[in-house]
Amino acid sequence: MRVLITGAAGFLGSHLCDRFIQEGHTVVAMDNLITGSTKNIEHLAGNEQFSFIKHDVSNYIFVPGKIDAVLHFASPASPIDYLRYPIQTLKVGALGTHNALGVALEKGARFLLASTSEIYGDPLVHPQKEDYPGNVDSIGPRGVYDEAKRFAEALTMAYYRTHRLQTRIARIFNTFGPRMRLHDGRVVPTFIRQALQGEPLTAYGDGRQTRSFCYVADLIEGIYRLLNSDFADPVNLGNPNEMTIVQFAEIINRLTDNPGGIVFEDKRIEGDPQIRQPDISRARNVLGWEPKVSLEEGLQITIEYYQKTGVNSTDTTA
Ligand code: UDP
């Protein structure tokens with residue numbers, strides 16, 4: 001296959017590039033580099049299965065030659081990033097998705113949308129199943145991301161129903177691993193950076209809100225299977241292993257021997273979901289998929305990555 005990956009220089013996009021190349025496919029990588037970094041894909045430079053086009057997919061996308069699959073992963077994805085780029089986030093979810101679907105239609109390619117657990121907002125149903133319509137505040141600060149992704153799902157289903165395009169929707173729950181930006185504000189890189197600097201970990205609010213963390217290799221396997229399936233309805237991909245932020249902080253402090261402890265800060269973004277856990281029965285049934293890497297195993301690899309790449313940079317955009 002020759003696949004187009006948007007957001008290819010980002011955390012998930014770059015791991016997808018690696019996977020498709022490893023499977024013998026050719027990758028056309030696209031990114032505007034506002035939150036992605038060429039550092040994530042520089043090891044692929046010179047590989048003849050790989051090419052990179054710097055482009056903002058919210059503008060018309062032109063790719064010469066055949067394309068067999070489009071994986072649309074372009075978007076700011078951490079709360080800090082989408083609060084910094086609210087309009088770009090709405091544009092890439094709406095216009096970017098429209099352009100990426102347009103490429104897929106024109107080329108007769110399959111299309112896979114990177115959607116999100118944020119579709120469910122601050123959920124009133126637990127764990128979250130795909131048929132739960134969610135509890136999103138459209139005008140809250142997180143609305144720019146949540147509504148962009150909800151619109152992207154609606155547009156994807158419209159292309160499926162109207163044009164019979166082969167579409168897939170992955171609802172991705174909190175995923176972590178090497179290449180998350182050190183200062184992207186998300187809890188995993190933030191806690192690891194603080195721990196490796198011997199500082200206290202900053203739990204926001206009372207730290208009793210929950211998340212369920214999936215290691216990146218498991219997530220990529222799920223995406224790969226979903227693309228190759230014939231299932232058009234949304235599929236949750238994530239690890240159901242749920243814990244509070246305080247419990248998560250304790251694990252990080254233990255794995256890094258950090259004596260810094262935990263401090264509580266009043267920095268929760270309005271609408272920060274109180275609970276989040278994927279129900280992955282659909283992924284199990286349809287894809288035969290479930291996560292295999294334990295939290296501690298995944299965290300060890302991620303901690304080693306940050307030890308190697310260094311945690312002392314204060315550049316919040318790098
Ligand atoms: N969080 C925290 N301390 C931090 C960063 C985040 O306690 O330094 C909390 C945040 O309030 C949220 C959870 O960790 O409840 C996960 O936040 P993240 O930004 O990683 O992703 P989200 O799941 O909210 O998109």
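Start at 1 and go down the list; that is how both ligands and their atoms are numbered. Just so you know, residue 1 is the first one in the sequence shown, and it goes up from there. Atom set for the values below is all heavy atoms of this structure, side chains included, hydrogens, waters and symmetry mates excluded.
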Under 3.5 Å donor-acceptor, T244 side chain and T210 backbone: no

D218 (side chain) donor-acceptor with V293 (main chain) under 3.5 angstrom: yes

Validation row: M243, R211 side chains within 4.5 angstrom (heavy atoms): no

Sub-4.5 Å side-chain heavy-atom contact between K54 and N32: no

Close residues, ligand 1: non-hydrogen atom nearer than 4.0 Å: P79, E118, R142, N174, G185, R186, V187, T190, F191, T202, A203, Y204, Q209, R211, I245, R268, D272, R276

Any donor-acceptor N or O pair under 3.5 Å, side chains Q128, D279: no

Aromatic plane relationship, Y82 with Y145 - under 30° parallel, 30 to 60° tilted, over 60° perpendicular: parallel

